[in-house]
K.L.:
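Pasting a structure below so you can have a look.
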Amino acid sequence: MIPLLASGQDKSHALPSDSSEISVRTVDEDAFRSLTSEREFEYNEPPKNPASLWSRIRAWLFQLLGSIFQSKWASVFIRIAFIGIFAAVLIAIINQILGGKLTTSFTGKKTADDFSLNISEEVLHQKNYDELLRKAVDSNNFKDAVRILYLKALRELSQADLILWKADKTNSDYLRELSGHPAKSTFTRLTFFYEYVEYGDFRIDEVGFNKFWEIYQNLEVKN
């Protein structure tokens, strides 16, 4: 009984046969060859990312540098440049060692008032700094004027027993001795200005010296 029902259901759901005509489409061989020969249809290598603007600029710079260094004059120019830089550095080092007096070392000449901070306490207190300062300013020798005025400030601090003068002491030693005293702030500015002019070998004019003089005027040496 059950097999007969299953057979009846299969017959009632059978699909009708397809009687439509089938048209087979083909590709023209010439068109196929033309398309496959184009570069866009080559898949042998992965596609390359387009170069960015920075990559193009970098490539241009490398190309420019390459053309410069390949020039016959490039090696000569580079050699001269390196020699010039080396000579400038060497002269600067020698000038610094000589305390900014490289020219006078070769000529043998010294300035009229060539002062040094490495002097004894007796000499420090004996010098007439006001007269020496006037001569330096009158002759527009403002670098020596700064040195003289700085020595005068040291003498005043020593006379007020705010520092203990010694020829082998450094400016930093004197600043430490002034710790806690109102004069330290002004003397710090004087020291910075003095070292900038003295050891930095920078030229100073009348305007610069007047600024140094104004700082000196504010120095409090009362104990």
Side-chain angles (χ1 to χ4, degrees), residues 25-111 114 116-117 140-147 149-150 170-176 179 184-215:
R25 300 178 62 183
T26 59
V27 179
D28 183 70
E29 292 185 2
D30 294 335
F32 179 77
R33 294 193 191 94
S34 177
L35 289 173
T36 55
S37 63
E38 293 183 5
R39 188 172 182 178
E40 288 79 1
F41 293 94
E42 293 181 1
Y43 302 105
N44 295 328
E45 296 180 358
K48 297 180 179 179
N49 293 326
S52 62
L53 177 61
W54 168 242
S55 299
R56 292 196 296 271
I57 294 175
R58 186 172 56 185
W60 176 79
L61 288 175
F62 284 148
Q63 184 178 3
L64 178 63
L65 291 174
S67 61
I68 292 175
F69 283 108
Q70 288 175 0
S71 172
K72 62 180 182 179
W73 297 105
S75 59
V76 178
F77 173 78
I78 294 173
R79 189 175 303 173
I80 293 174
F82 273 110
I83 293 175
I85 294 172
F86 177 78
V89 172
L90 183 61
I91 291 173
I93 293 173
I94 296 175
N95 187 54
Q96 188 70 19
I97 294 173
L98 295 176
K101 297 179 177 60
L102 181 61
T103 304
T104 55
S105 297
F106 283 107
T107 59
K109 297 180 180 179
K110 294 184 178 180
T111 57
D114 191 9
S116 172
L117 292 184
N140 293 327
N141 194 346
F142 296 109
K143 183 173 182 178
D144 275 354
V146 167
R147 188 184 298 114
L149 195 57
Y150 190 75
T170 65
N171 299 331
S172 299
D173 293 330
Y174 297 127
L175 287 171
R176 281 191 291 271
S179 296
K184 181 178 181 180
S185 176
T186 304
F187 188 69
T188 299
R189 296 177 62 194
L190 284 174
T191 301
F192 176 80
F193 202 113
Y194 164 75
E195 291 180 348
Y196 183 83
V197 174
E198 180 70 16
Y199 303 114
D201 197 26
F202 291 100
R203 294 186 179 276
I204 181 173
D205 55 10
E206 184 177 2
V207 176
F209 174 75
N210 288 336
K211 292 180 180 179
F212 187 74
W213 173 261
E214 291 175 3
I215 299 173

K.L.:
Taking all non-hydrogen atoms of both residues into account, name the closest pair between Asn171 and Glu195 and its distance.
P.N.:
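For Asn171 versus Glu195, the nearest heavy atoms are ND2-OE2, 3.0 Å.
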K.L.:
Enter the distance from Lys211:NZ to Ile204:CD1 here, rounded to the nearest 0.5 Å.
P.N.:
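Taking NZ in Lys211 and CD1 in Ile204, the distance rounds to 9.5 Å.
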K.L.:
Relative to the ring of Tyr194, is the ring of Tyr199 parallel (under 30°), tilted (30 to 60°) or perpendicular (over 60°)?
P.N.:
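Because their plane-to-plane angle is over 60°, the rings of Tyr199 and Tyr194 count as perpendicular.
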K.L.:
Rounded to the nearest 0.5 Å, how far apart are CG of Asn140 and CZ of Phe209?
P.N.:
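Spacing of CG (Asn140) from CZ (Phe209) equals 11.0 Å.
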K.L.:
Of all heavy-atom pairs between Thr186 and Ile215, which one has the smallest distance, and what is that distance?
P.N.:
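Where Thr186 meets Ile215 most closely, the heavy atoms are CG2-O, 3.1 Å.
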K.L.:
How close do Phe142 and Asp205 get, heavy atom to heavy atom, and via which atoms?
P.N.:
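Of all heavy-atom pairs spanning Phe142 and Asp205, the closest is CD1-C, 3.7 Å.
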K.L.:
Measuring only between side-chain heavy atoms, which start at C-beta, is Tyr174 closer than 4.5 Å to Thr191?
P.N.:
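No; the side chains remain at least 4.5 Å from each other.
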K.L.:
Looking only at the aromatic ring of each residue, does the gap between the centers of Phe192 and Phe212 stay below 6.0 angstrom?
P.N.:
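Centroid separation for Phe212 and Phe192: 6.0 Å or greater.
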K.L.:
Taking all atoms of both residues into account, what is the closest heavy-atom pair of Val197 and Lys143, and its distance?
P.N.:
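Looking at all heavy atoms of both residues, the closest pair is O-CE, 3.6 Å.
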K.L.:
Looking only at heavy atoms, what is the nearest atom pair of Phe193 and Gly208, with distance?
P.N.:
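Taking Phe193 first and Gly208 second, the nearest heavy atoms are CZ-O, 3.2 Å.
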K.L.:
Taking only residues two or more places apart in sequence or in another chain, which ones pass side chain to side chain donor-acceptor pair (under 3.5 Å) with Thr170?
P.N.:
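Thr170: side chain to side chain donor-acceptor pair (under 3.5 Å) contacts with Asp173.
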